[in-house]
Amino acid sequence: MFTFKATGRNVVQSPKHSALCVTMADVEAESSTQPEAMEEENPLFSNLDLFLFTLIAGLIIYWFMSRKKAEPIPEFKKLNQPAPSTQETSFIEKMKKTGRNIVVFYGSQTGTGEEFANRLSKDAQRYGMKGMAADPEEYDMSELSRLAEIGNSLAIFCMATYGEGDPTDNAQDFYDWLQETDGQLNGVNYTVFALGNKTYEHYNAMGAYVDKRLEELGAKRVFDLGMGDDDGNLEEDFVTWREQFWPAMCEHFGVEASGEDSSVRQYELKEHNDINMNKVYTGELGRLKSFETQKPPFDAKNPFLAPVTVNRKLNKAGDRHLMHLEVDITGSKIRYESGDHVAVYPTNDTVIVNKLGQILGVDLDSVISLNNLDEESNKKHPFPCPTTYRTALTHYLDIIHPPRTNVLYELAQYATDPKDQENMRKMASSAPEGKALYQSFVLEDNRNILAILEDLPSLRPPIDHLCELMPRLQARYYSIASSSKVHPNSIHICAVVVEYTTKTGRLTKGVATTWLKNKLVADNGHKSTVPMYIRKSQFRLPFKASNPVIMVGPGTGIAPFMGFIQERGWLKEQGKEVGETALYCGCRHKEEDYLYQEELEEAEKAGVITKLNVAFSRDQEQKVYVQHLLRTNKEDLWRQIHTDNAHIYICGDARNMARDVQTAFYEIAEELGGMTRTQATDYIKKLMTKGRYSQDVWS
């Protein structure tokens, strides 16, 4: 009998297919009658008949099998992507269709670039123009040359820099296109606002590159490149640039500002009084019910719910809480490498969410949708809808960070006290007095939206407008503290719980670290889960295991090096030649917060770590940091770097530690390499270019 074998999927047979099987079986039975009878009688079918019948049957089977293979497999489709027929990939056609003349593209990793783009797009209406914010990942950017077809048109680029001078994930394709294209952008007007952080080596590299490259391709810069510094006051940088930008645009295009300063709503509220709760989002980021029925591949829009299997405190004493967590990725098909980042989606503190509901006098369990008034926009809602206010404030909105000036400006209209209204509008201006007030009242006092509502009792905005204005709650990235060679089904996280008291006496807790701290493993076997996905990194061990590695990671900066050490140990066990492995880490007190002490000392004893250097910064009168230990071991380090082709890795604080460590390497190159400071700087820069000096730092 013929059998049908399906590989990698379920095959459901229809009655028609079953009938085909029966017919084939009957034929097989006919052809297997006793040989004696066939010898005595003339055969029912000639050899030619049997050959033709077999050929036809074979063709039917081939058609059947190939038809099944052509069917798509729902489990492996890229989730949450709009169907090609419904997604408009031509921003030019969309602009023409909707009468827009300004497009604001954004490259955004944490949501700030997107937020600034939306603000500029809304601004256009106040200046007699019409704009749209656009994700370059969703459009064909080669159409940029056609922008000149639209009168008085302008492209604005809000471009954040990520990692080591890299584009953000959503701007990667645009960056690649800019590098490869030789097309002409004559007649295209543009300007760029760059978002970055001065503590990083490649400050605003992406914004500066886009600004320079567009000019090289023939586009016309109509306003100077704006440089936003998140280490200083990014909001102030943006507001100052924006308030100079719009009057210049009015002059350039010969238009007059409408003078309309009233709030422009982007979304309208729809309340659902009678809705099937199975159609209501409860925290999912993309597909409805994706947390109940998990399907790979897992990514930013479709995170995997990883059970927490270990959650232990690392420090023995002291007033801080340093923790080690392990999450299980068994069955997820998630793969990671040492040096990658794990992204987790936290939720806000329920106490703060409940207080917001109380102070605004609303039922947080009301089911609502916020629908975009612009029906042509790709972004139909500010967050997944329909949902409840409680879910939006818990899962989707950032209610902990101090609000930006545009939020204060938009909400000012609801303050019944004229003085409150005046101050809120003043803080949103670029006037020196307004900047100073925002700096002191909001930033220095670290007031979140709840604190502002508590301290301005006349301000009671509608909750739907508040939800419209709040930025999205973003994923938090942690350097993975394990190696997939040793832990293929587990990802380890090392973090310190953020907790401090503000100038107003309020206790502020870090959203993600407090949430992670509470992800306990219960005695009854119940495991808390963490929505997560992997973000690939360039922070990689050398291809040749025989190359020495020098790892510098004080505090929780040790995280990726735990993975590196595990991997070097595994390679050693496999009989591979493994080069010297030197670790420079640090903590405050040996008896309080020496992270992973047992594991590190065991690795040193096994010869995996060839040199363990720990700086206990506060165990003596004079503070000792990792950079001091580097100078102490300068001869050894210089031999490893200059002669033995060592790879250097730095992880931790960008503002002070990474700079001080880099300076220490400059000094070692000067002293032992006989170089000037300029030559030493160039020497280290060349190591960076060759991938032999890598940094995984944050500020």
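For reference, positions follow the sequence shown, starting with 1.
The side-chain hydrogen bond (donor to acceptor under 3.5 Å, both in side chains) check on Thr161 picks up nothing, with sequence neighbours excluded. Considering only residues two or more places apart in sequence or on other chains, Ala300 meets the side chain to side chain contact (heavy atoms under 4.5 Å, CB included) condition with Tyr345, Tyr533. Judged as a side chain to side chain contact (heavy atoms under 4.5 Å, CB included), and not counting sequence neighbours, the contacts of Asp166 are Glu164. Applying the side chain to side chain contact (heavy atoms under 4.5 Å, CB included) rule to Gln179 yields the partners Tyr175, Asp176, Tyr209; only residues at least two apart in sequence or on another chain are considered. With sequence neighbours left out, Ser528 forms a side-chain hydrogen bond (donor to acceptor under 3.5 Å, both in side chains) with no residue at all.
Note on Arg540 versus Asp340: salt bridge recorded, some NZ/NE/NH1/NH2 to OD/OE distance being below 4.0 Å. Ion pairing between a basic and an acidic side chain is recognised when a charged N comes within 4.0 Å of a carboxylate O; Arg320 and Asp593 show such pairing.
Within 6.0 Å of CD on Gln538 lie no more than 12 heavy atoms contributed by other residues, nucleotides or ligands. Atom NZ of Lys313 is surrounded by more than 12 heavy atoms from other residues, nucleotides or ligands within 6.0 Å. At most 12 heavy atoms of other shown residues, nucleotides or ligands fall within 6.0 angstrom of atom NZ in Lys509. The environment of NZ in Lys316 is crowded: more than 12 heavy-atom neighbours from other residues, nucleotides or ligands sit within 6.0 Å. Within 6.0 Å of atom CD in Glu444, more than 12 heavy atoms from other residues, nucleotides or ligands are found, so the atom counts as buried in its surroundings.
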For this session: Show your working on side-chain hydrogen bond (donor to acceptor under 3.5 Å, both in side chains) between His642 and Tyr683 and close with a plain yes or no.
Result: CA-CA 10 Å; His642 195 62; Tyr683 183 86; 2.8 Å; yes
For this session: Test side chain to side chain contact (heavy atoms under 4.5 Å, CB included) on Gln695 and Gln662 and set out the steps.
Result: CA-CA 10 Å; Gln695 299 186 90; Gln662 200 162 314; 3.9 Å; yes
Exercise. Between Ser108 and Glu114, is a side-chain hydrogen bond (donor to acceptor under 3.5 Å, both in side chains) present by the stated rule, with each step listed?
Worked result: CA-CA 6 Å; Ser108 183; Glu114 181 180 2; 5.1 Å; no
Exercise. When you look at Glu580 and Lys611, which way does the salt bridge (Lys or Arg N to Asp or Glu O under 4.0 Å) test go after all the steps?
Worked result: CA-CA 8 Å; Glu580 292 177 80; Lys611 197 161 183 63; over 6 Å; no
Problem set entry | Candidate pair Asn448 and Arg506, rule side-chain hydrogen bond (donor to acceptor under 3.5 Å, both in side chains), full reasoning | CA-CA 10 Å; Asn448 58 30; Arg506 293 179 171 94; over 6 Å; no
Problem set entry | salt bridge (Lys or Arg N to Asp or Glu O under 4.0 Å) assessment of Asp169 paired with Lys536 | CA-CA 11 Å; Asp169 290 347; Lys536 293 296 176 185; over 6 Å; no
Problem set entry | Residues Arg213, Glu216; criterion salt bridge (Lys or Arg N to Asp or Glu O under 4.0 Å); working and verdict | CA-CA 5 Å; Arg213 185 62 179 143; Glu216 289 173 352; 3.1 Å; yes
Exercise. Taking it one step at a time, do Asp696 and Ser479 satisfy side-chain hydrogen bond (donor to acceptor under 3.5 Å, both in side chains)?
Worked result: CA-CA 8 Å; Asp696 180 3; Ser479 301; 2.7 Å; yes
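Leu595 pairs in a side chain to side chain contact (heavy atoms under 4.5 Å, CB included) with only one of the listed residues (Leu600, Val496, Leu322), which is Leu322. Screening Asn633, Leu612, Val614 against Tyr584 for a side chain to side chain contact (heavy atoms under 4.5 Å, CB included) leaves a single residue, Asn633.
Taking the centre of each ring, Trp570 and Phe564 stay at or above the 6.0 Å mark. A ring-centre distance under 6.0 Å is found for Tyr649 and Phe539. Aromatic rings from Phe157 and Tyr106 are positioned such that their centres are separated by 6.0 Å or more. Between His324 and Tyr596, the ring center distance clears the sub-6.0 Å criterion.
A donor-acceptor pair under 3.5 Å links the side-chain atoms of Arg476 to the main chain of Gln474, judged by distance alone. Checked by atom type and distance alone, the side chain of Thr513 pairs as donor or acceptor with a backbone atom of Val498 at under 3.5 Å. A donor-acceptor pair under 3.5 Å is formed between the side chain of Gln294 and the backbone N or O of Leu305. Using a distance-only test at 3.5 Å, with no hydrogens or angles considered, no donor-acceptor pair links the side chain of Ser290 to the main chain of Gly286. When atom types are taken as modelled, the side chain of Asn302 and the backbone of Lys295 share a donor-acceptor pair closer than 3.5 angstrom. In terms of modelled atom types and a separation under 3.5 Å, the side chain of Lys519 and the main chain of Thr529 share a donor-acceptor contact. Listed for the Asp619 side chain is no donor-acceptor partner under 3.5 Å among the backbone atoms of His589. A side-chain donor-acceptor contact under 3.5 Å links Asp229 to the backbone of Lys198. Of the possible polar contacts, none joining the Asn204 side chain to the Gly207 backbone as a donor-acceptor pair under 3.5 Å is found. Counting only distance, with no hydrogens or angles, the side chain of Ser483 and the backbone of Gln566 share no donor-acceptor pair below 3.5 Å.
Residues Gly557 and Trp698 share a closest heavy-atom pair of CA-CH2, 4.0 Å. Nearest heavy atom pair, residue Glu115 against residue Pro471, reads OE1-CB, 3.8 Å.
Ring-plane geometry between Phe616 and Tyr594 is classed as perpendicular, the angle between the planes exceeding 60 degrees on a 0 to 90 degree scale with a lower cut at 30.
Donor-acceptor pairing under 3.5 Å is recorded for the side chains of Thr293 and Arg287. At a cut-off of 3.5 Å, with distance as the only test, no side-chain donor of Tyr666 or Glu670 sits close to an acceptor on the other residue. Using modelled atom types and a 3.5 Å distance limit, the side chains of Ser482 and Tyr336 yield a donor-acceptor pair.
Counting only residues at least two apart or on different chains, the salt bridge (Lys or Arg N to Asp or Glu O under 4.0 Å) pairs with a member in residues 644-661 are Asp231-Arg655, Arg639-Asp644.
At a threshold of 4.5 Å between non-hydrogen side-chain atoms, the residues Leu541 and Glu567 count as touching.
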